Amino acid sequence: MDREELFDKKPMIRIHNKLFPCPTSAAMELIGGKWKSVILTHMIEGEKRYNELRKEIPIITERTLSLQLKQLETDGLITRKVFTKKPPLKVVYSLTTFGKTLIPLLKTITEWGITAAYEKDAFVEAEEE
């Protein structure tokens, strides 16, 4: 089936052994939740080390970040490279070609988030440490 036929026939979609009647539901299975799209957005500029992501997303727990990175890797949205030539061990994460197809969507979501925060007067000054 080509893409047009898929839109007309609306077949069920199986991801993670679950059936979805809608492409939107299937997409949200891959990028939905509180953290996946946030992590992906931070990877738009290029590869990131685990600790870089922890610093850029300080409210995520280490366990959650680790689990979400594993899921994104399993789903083919990011790749994990381990460099072991010389200590210390270095691990970097980056978007795959498939993951990069999300960049326009992630940028649009970010822009909409700014608009929503502006409309709701929800911006808060950063607290001094």
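These numbers come from the heavy atoms of this one structure, side chains and all, not from hydrogens, waters or symmetry mates. Since the model is a prediction, treat every value here as computed from it, not as a measurement.
In this structure, the separation between CD on E29 and CZ on R14 is 12.5 Å, given to the nearest 0.5 Å. K18 NZ to M12 CE: the interatomic distance, rounded to the nearest 0.5 Å, is 13.0 Å. Here Q68 contributes atom CD and R63 contributes atom CZ; the two are 10.5 Å apart, rounded to the nearest 0.5 Å. A distance of 9.0 Å separates OG1 in T74 from NZ in K70, rounded to the nearest 0.5 Å. Rounding to the nearest 0.5 Å places CD1 of I103 at 9.5 Å from OG1 of T41.
For F123, the CZ atom sits in a packed shell: over 12 heavy atoms of surrounding residues, nucleotides or ligands are nearer than 6.0 Å. Around atom CG of D121, no more than 12 heavy atoms belonging to other residues, nucleotides or ligands sit under 6.0 Å away. Taking a 6.0 Å sphere around CD of E5, one finds it holds more than 12 heavy atoms contributed by other residues, nucleotides or ligands.
Taking hydrophobic clusters as Ile, Leu, Val, Met, Phe, Trp and Tyr residues chained together by side-chain heavy-atom distances below 4.5 Å, V38 shares a cluster with I59. Residues L69 and V82 are members of one and the same hydrophobic cluster, defined by side-chain heavy-atom contacts under 4.5 angstrom among Ile, Leu, Val, Met, Phe, Trp and Tyr. Linking ILVMFWY side-chain heavy atoms closer than 4.5 Å, directly or via other members, places L53 and F83 in two distinct hydrophobic clusters. There is no path of hydrophobic side-chain contacts, each under 4.5 Å, that joins L67 to M43. When hydrophobic clusters are built by joining Ile, Leu, Val, Met, Phe, Trp and Tyr residues whose side-chain heavy atoms come closer than 4.5 Å, directly or via intermediates, L77 is grouped together with V91.
Formation of a donor-acceptor pair under 3.5 Å by the Y50 side chain with backbone atoms of Y93 is not found in this model.
Using a 4.5 Å heavy-atom cutoff, the side chains of I57 and W35 are in contact. Within the 4.5 Å cutoff, side-chain heavy atoms of R54 are placed close to those of L65. Counting only heavy atoms from C-beta outward, the side chains of K34 and I60 never approach each other to under 4.5 Å. You'll find the side chain of L30 stays beyond 4.5 Å of the side chain of K36, heavy atoms only. Side-chain contact between D75 and F98: absent, with no pair of heavy atoms (C-beta onward) separated by less than 4.5 Å. Side-chain contact between I78 and L40: present, with at least one pair of heavy atoms (C-beta onward) separated by less than 4.5 Å.
Here the closest heavy-atom approach between residue T101 and residue P104 is recorded as O-CD, 3.6 Å. Closest approach of S25 to F20, counting heavy atoms only: CB-CD2, 3.6 Å. Pairing each heavy atom of I13 with each of P23, the nearest pair is CD1-CA, 3.7 Å. Of all the heavy atoms in E56 and H42, the pair that sits closest is OE1-ND1, 2.8 Å.
With respect to the salt-bridge test (charged N to carboxylate O, under 4.0 angstrom), the residues K81 and E47 do not qualify.
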